[in-house]
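Note: hydrogens, waters and symmetry copies are ignored here, and every other heavy atom, side chains too, is used. Chain A is the first sequence line, chain B the second, and so forth, proteins listed ahead of strands; every chain is numbered from 1.
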Number of protein chains: 2
Amino acid sequence: MKYSVVVVDDHTLLSQAIESMVNTFDKFKVLYTCKNGGEVQEKFQASPRNIPDIVLVDVNMPVMNGIETTEWIVANYPNVHVLALSVEDADGTILKMLKAGAIGYLLKDTQKEVLEKALLEIMENGFYHTRNVTNLLLDSVSGKSSKNQVNFKENEIKFMRLACSELTYKEIAERMFLSPKTIDGYRDSLFTKLDVRNRVGLVMYAIKNKIFTP
Amino acid sequence: MKYSVVVVDDHTLLSQAIESMVNTFDKFKVLYTCKNGGEVQEKFQASPRNIPDIVLVDVNMPVMNGIETTEWIVANYPNVHVLALSVEDADGTILKMLKAGAIGYLLKDTQKEVLEKALLEIMENGFYHTRNVTNLLLDSVSGKSSKNQVNFKENEIKFMRLACSELTYKEIAERMFLSPKTIDGYRDSLFTKLDVRNRVGLVMYAIKNKIFTP
DNA sequence: AGGCTAAAAGGGGTTTTTCCTGTTTTTTAG
DNA sequence: CTAAAAAACAGGAAAAACCCCTTTTAGCCT
């Protein structure tokens, strides 16, 4: 009897490649792959037989979906273990994933054997070793990372994306059908909320947090 | 008898995952994987047994190594087919890969079956269908892409990286031990060279071209 | 209806950026 | 060594960005 795994990644090629890899492991078998959190919900709800033992979630999905997905799985299927896969770097995101209930994370430079070992550890001990480090990590970095659960409004997101272009604020205002002064307001409030000094800081935040993808 | 494939990607997890996938294909077998172009050179030169039929090169390797690797393979081993794998987007890079002699490219959303089909086509027809499109592409976009072989000086690179921070130009000048007016000069010349209007445009260029990694 | 709150808009100021025009200094090549 | 090229530097003006603080507007509440 093999343990069942589900892979969640918006890049088809990658999720399928990881599927192939996991399928070479003795004790594991991929049930299916998903392109995003929504698909996970559908599949899970479609049939209780489809609930896997482990879900491998890619951190890098647009607009925080990696985190939301993890939260949803942890809340609704507490017996399912979520393992975060960070193909690209993702700074604070990885901490948020852990906080959301992921049981461990693996970086892009992981060896195949390490992944297999991690999966085995999870099933046999209930956790992967990073779990121990997690809380310490969360505490030590919490000042910066854990309370940064910033909630954006629609317009703020829209504005941030436009700010990642060469448009002036005046031009952004036109495109959003708002007064330049309102845009000034958006900018200023985001500056303080995100603790940045200028537009470049805002742009970097948007990129790091997948609000804008270059 | 199976065709041999080599996977080049700096992300161990991904190259191994793709290895597993390719190994499930009937007619293909992965010889080994490499983390960068240098490793490819070593392996190729070590023994003629190491020369594969196809090399899968990830576009996203820091500082243009995807392109250099492709050029080297094409120049030294013309019988080896290079297929570019673009896990993340890479804009002009993909055109450069094709120009460097890659025989086709596959995007992140490729289906497993498509990859297998592409590999088969390459071995049986000598090219993957994108090859036909390549030259047209290169011509049609050449105005923007092919002549954009911009060469940067050390200081320009350094400046661009600093411009991707929240520093003002005056502060950048201090860190580079130069007059603010010199920095003005760097900026203005880069603006015209890269055809951007402002600092955000510069930042975006730096990120897209892997000069700065967020 | 009055009061509360949040989004939108505005006034007016300083600083930084952008875009010209140059000049001086340093490097390079013959 | 010298002419030419490249790099560093500058003055000044206009635009954009940044910052603080106030007012209007719109929706909600009981």
Parallel, tilted or perpendicular, as decided by the 30° and 60° cut-offs, for the rings of A/Phe28 and A/Tyr3: tilted
Nearest-nucleotide 5' precedence on DNA chain D, A/Leu167 against B/Thr182: B/Thr182
Side-chain N or O of [X] closer than 4.0 Å to phosphate OP1/OP2 of [N]:
{"X": "A/Tyr169", "N": "D/dC18", "result": "yes"}
{"X": "A/Tyr186", "N": "C/dA7", "result": "no"}
{"X": "A/Thr168", "N": "D/dA15", "result": "no"}
{"X": "B/Asn198", "N": "D/dA17", "result": "no"}

Whole angstrom is fine here: how far is it from [atom1] in [X] over to [atom2] in [N]?
{"X": "A/Arg187", "N": "C/dG10", "atom1": "CZ", "atom2": "C1'", "value": "14 Å"}
{"X": "B/Asp184", "N": "C/dT23", "atom1": "CG", "atom2": "P", "value": "18 Å"}
{"X": "A/Glu174", "N": "D/dA16", "atom1": "CD", "atom2": "P", "value": "11 Å"}
{"X": "A/Phe152", "N": "C/dA7", "atom1": "CZ", "atom2": "P", "value": "14 Å"}
{"X": "B/Leu202", "N": "D/dA17", "atom1": "CG", "atom2": "P", "value": "15 Å"}
{"X": "B/Glu154", "N": "D/dA8", "atom1": "CD", "atom2": "P", "value": "12 Å"}
{"X": "B/Leu190", "N": "C/dT18", "atom1": "CG", "atom2": "P", "value": "12 Å"}
{"X": "B/Met176", "N": "D/dA7", "atom1": "CE", "atom2": "P", "value": "13 Å"}

What's [X] touching, base or sugar-phosphate or nothing? Going by heavy atoms closer than 4.0 Å.
{"X": "B/Phe177", "answer": "nothing"}
{"X": "B/Arg197", "answer": "sugar-phosphate"}
{"X": "A/Arg199", "answer": "sugar-phosphate"}

Listed pairs under 3.5 Å, donor-acceptor, residues 37-44 of chain A side chains, sequence neighbours left out:
from	atom 1	to	atom 2	distance (Å)
A/Glu39	OE1	A/Lys35	N	3.2

Where the side chain of [X] is concerned, which of [options] is the nearest nucleotide?
{"X": "B/Asn155", "options": "D/dA8, D/dC18, C/dT16", "result": "D/dA8"}
{"X": "B/Ser179", "options": "C/dT16, D/dA10, D/dA7", "result": "D/dA10"}
{"X": "B/Leu178", "options": "C/dA8, D/dA8, D/dA16", "result": "D/dA8"}

Review item, nucleotides 23-29 of chain D N/O atoms under 3.5 Å of protein N/O:
none

B/Arg199 to B/Phe191, cation-pi by 6.0 Å centre distance and 45° axis angle: no
Over-ring placement of A/Arg175 relative to A/Phe159, 6.0 Å and 45° cut-offs: no
Any donor-acceptor N/O pair under 3.5 Å between C/dG12 base and A/Lys181 side chain: yes
Salt-bridge present (A/Glu156, A/Arg187; N to O < 4.0 Å): no
A/Glu19 bridged to B/Lys112 by N-O distance under 4.0 Å: no
Min side-chain heavy-atom separation B/Val82-B/Val57 under 4.5 Å: yes
Side chain proximity check, A/Val55 to A/His81, heavy atoms < 4.5 angstrom: no
